[in-house]
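Quick notes on the structure that follows.
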Amino acid sequence: MTVTDARPTDSATTFDSLNPATGAVVGTFPIHTADDVTAAVERARPAATWWKELGYAGRKQRLRAWRSIIANRMEEFAELIHRENGKPVYDAIGELSLVVEHLDWASGHAKKTLGRRSVSSGLLAMNNSASLEYVPYGVVGVIGPWNYPVHTPMGSISYALAAGNAVVFKPSEYTPLIGKWLVDTFAEVVPEKPVLQLITGFGPTGAALCTSGVDKLAFTGSTATGKKVMAACAADLTPVVIECGGKDAFIVASDADLDAAAEAAVWGGLSNAGQTCAGVERVYAVASVYDEFVAKVTERAGKVRGGGDDDANYGPITMPSQIDIISRHIDDALANGGRAVVGGRESVQAPFVQPVVLVDVPETSSAITEETFGPTITIAKVRDEAEAVKLANDSVYGLGAAVFSAKKGRDIADQLSSGCVSINSAITYAMVPELPFGGVRDSGFGRIHGEDGLREFAWPKSVTSVRFNSPLKVTTFDHKPNMGQTVIRMVKARWGRGAK
Ligand code: NDP
């Protein structure tokens with residue numbers, strides 16, 4: 001069965017969200033126009049002021065009440081996620097457990113991270129006090145993808161709200177009902193003002209949000225759309241945080257625990273049908289352990305199954321157009337000397353794709369160079385760890401990576417040019433609220449999660465205040481004739497020592 005993109009005509013004012021496994025309509029939503037989006041941002045302005053004035057303690061109390069609602073109604077929400085996004089209920093529960101953990105952390109750490117603090121005023125301004133605080137931008141636009149339809153946008157929404165901003169959220173056209181659940185439950189704990197609003201529609205609605213006057217735009221999605229978002233935001237110098245795709249490498253060193261490595265590679269590559277920005281896509285295994293590792297992965301991956309039933313390990317490919325990309329990558333790998341040790345072209349059975357493990361794929365193949373976003377893994381044999389690092393880094397992407405090694409894990413991790421690395425596990429960094437998440441190069445820039453994630457949604461404000469009149473006043477035309485000599489003496493005494 002094939003679920004096709006049911007895009008409405010140009011004159012349509014609503015669209016249907018479909019269950020990707022069955023094609024059943026799960027909800028009908030407005031296609032918001034540019035005027036609708038601007039109106040939402042205007043409604044958000046006074047709400048942002050009110051929310052900011054609630055203070056850290058007031059916001060923390062509301063956000064923790066929201067956290068409790070999400071936690072207490074997890075089963076209901078997970079079922080809804082399963083219906084609209086297709087992922088198994090168990091996976092949706094895992095996603096929600098991350099969401100509540102991050103929401104709790106962001107609300108609890110906003111004051112310490114962003115609140116006013118004194119800093120040293122230094123030598124030249126020693127008669128001043130100096131303080132730093134982080135001020136919320138005002139209204140933040142959040143554009144999210146469908147693959148982790150709660151965890152991913154909430155990486156921006158939780159942190160932006162905790163920092164004191166109002167948020168206008170545009171979920172993917174594939175997951176508006178999930179977005180609506182979030183916004184509706186937030187309104188239960190913040191009924192006074194539209195601090196978190198939902199806008200729905202397709203790309204043009206997202207594009208309208210970029211130019212709607214928001215004070216910051218947080219985008220998560222593909223690199224191609226991220227570039228469009230950044231270009232649109234450039235017109236008004238609207239700052240952006242851009243979280244895009246990846247082609248994450250997984251290194252198996254000569255001293256790796258091969259059972260643990262195979263388990264992590266199979267889960268990291270196939271869970272969520274491979275539709276994970278930081279999923280395992282390319283494995284580099286050192287020659288001395290390669291054959292044994294491939295055998296272990298083959299055995300494990302052969303037992304994994306995608307499907308729409310309760311026993312399936314993962315669900316359908318959410319976005320119908322992704323099926324063509326997955327097929328193209330498998331074809332390209334096989335046409336250029338690659339071999340499938342699990343599955344093959346016949347594994348593509350839209351809307352499901354069964355696991356595919358490919359070996360001997362040339363590094364120039366699209367299966368290695370482009371984000372596949374499907375349940376496929378390539379495994380390449382490398383001479384040693386140094387070659388693994390070189391190939392892992394040879395990518396336009398740099399989001400996450402994993403290393404399996406008993407003794408060399410940290411050393412290898414230090415050589416990888418990606419935003420996040422997990423040693424002897426896969427994707428664990430995303431579970432740690434205190435660790436910033438994001439990438440380099442085509443994977444984007446800026447960070448969600450952790451203190452950096454809070455600071456992403458507030459601008460630093462630096463203030464000095466005179467405490468006493470200094471005899472050393474340099475910020476005046478009316479200084480004593482020998483002031484220059486005094487400054488020279490002071491600077492030399494303070495900074496001139498230690499020179500060879
Ligand atoms: P897309 O780039 O297709 O879409 C992302 C969002 O942008 C959607 O809400 C989409 O709306 C919207 N959009 C589309 N066109 C425009 C436009 N011109 N201006 C503004 N917004 C627009 O990504 P996907 O939804 O397909 O998500 C998958 C991608 O997201 C993968 O590349 C994945 O790696 C990446 N990702 C990155 C993560 C990270 O944290 N680094 C986490 C999760 C995913 P609509 O859907 O209505 O078209």
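For the single chain, residues carry numbers from 1 onward in sequence order. Atoms within a ligand are numbered from 1 in the order they appear, just like the ligands themselves. Hydrogens, waters and symmetry mates play no part in the numbers below; they use all other heavy atoms, side chains included. For clarity, every value in this text was computed on a predicted model and none was experimentally measured.
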### Message
Can you confirm whether the side chains of Asn85 and Thr175 place a donor and an acceptor under 3.5 Å from each other?
### Response
no

So, are [X] and [Y] salt-bridged, with charged N and O less than 4.0 Å apart?
{"X": "Arg410", "Y": "Asp414", "value": "yes"}
{"X": "Asp104", "Y": "Arg64", "value": "yes"}
{"X": "Arg67", "Y": "Glu101", "value": "no"}
{"X": "Arg73", "Y": "Glu76", "value": "yes"}
{"X": "Asp394", "Y": "Lys247", "value": "no"}
{"X": "Glu456", "Y": "Lys216", "value": "yes"}

Where the closest heavy atom to [atom] is concerned, which of [options] has it?
{"atom": "atom 17 (C) of ligand 1", "options": "Gly439, Ala232, Gly203", "answer": "Gly203"}
{"atom": "atom 35 (C) of ligand 1", "options": "Gly221, Ala278, Pro145", "answer": "Gly221"}
{"atom": "atom 33 (C) of ligand 1", "options": "Phe373, Phe437, Phe219", "answer": "Phe373"}
{"atom": "atom 13 (N) of ligand 1", "options": "Thr276, Thr225, Asp442", "answer": "Thr225"}
{"atom": "atom 36 (N) of ligand 1", "options": "Gly438, Gly179, Cys277, Gly419", "answer": "Cys277"}

### Message
Side chain, backbone, both or neither: which applies to Thr205 and ligand 1 if a contact is any heavy-atom pair less than 4.0 Å apart?
### Response
neither

### Query
Heavy-atom contacts under 4.0 Å between Pro171 and ligand 1: side chain, backbone, both, or neither?
backbone

Near [X], which atoms of ligand 1 are under 4.0 Å from a heavy atom of that residue?
{"X": "Met319", "value": "26 (O)"}
{"X": "Gly144", "value": "6 (C), 8 (C), 9 (O)"}
{"X": "Cys244", "value": "37 (C), 38 (C), 39 (C), 41 (N)"}
{"X": "Asn147", "value": "43 (C), 44 (C)"}
{"X": "Gly206", "value": "19 (N), 20 (C), 21 (N)"}
{"X": "Val229", "value": "19 (N), 20 (C)"}
{"X": "Trp146", "value": "24 (P), 25 (O), 26 (O), 27 (O)"}

### Query
Is it true that a side-chain atom of Thr220 and a backbone atom of Pro153 form a donor plus acceptor pair closer than 3.5 Å?
no

### Query
Is a donor on one side and an acceptor on the other found under 3.5 Å between the side chain of Glu281 and the backbone of Gly269?
no

### Query
Angle class for the Trp146/Phe373 ring planes (parallel below 30°, perpendicular above 60°, tilted otherwise)?
perpendicular

### Task
Could you tell me how the ring of His151 sits relative to the ring of His449: parallel (under 30°), tilted (30 to 60°) or perpendicular (over 60°)?
tilted

Does [X], backbone or side chain, put an N or O under 3.5 Å from an N or O of ligand 1?
{"X": "Thr223", "answer": "no"}
{"X": "Ser172", "answer": "yes"}
{"X": "Ser222", "answer": "yes"}
{"X": "Lys228", "answer": "no"}
{"X": "Thr152", "answer": "no"}

#### Entry: Worked check of side chain to side chain contact (heavy atoms under 4.5 Å, CB included) between Ile157 and Phe169
CA-CA 8 Å; Ile157 294 170; Phe169 172 37; 3.8 Å; yes

### Query
Contact between Gly201 and ligand 1, counting heavy atoms under 4.0 Å?
yes

### Within-shell test, Phe202 vs ligand 1, heavy atom, strictly < 4.0 Å
yes

### Query
Got a sec, which pairs hit side-chain hydrogen bond (donor to acceptor under 3.5 Å, both in side chains) with one end in residues 431-443, sequence neighbours left out?
Ser417-Arg441

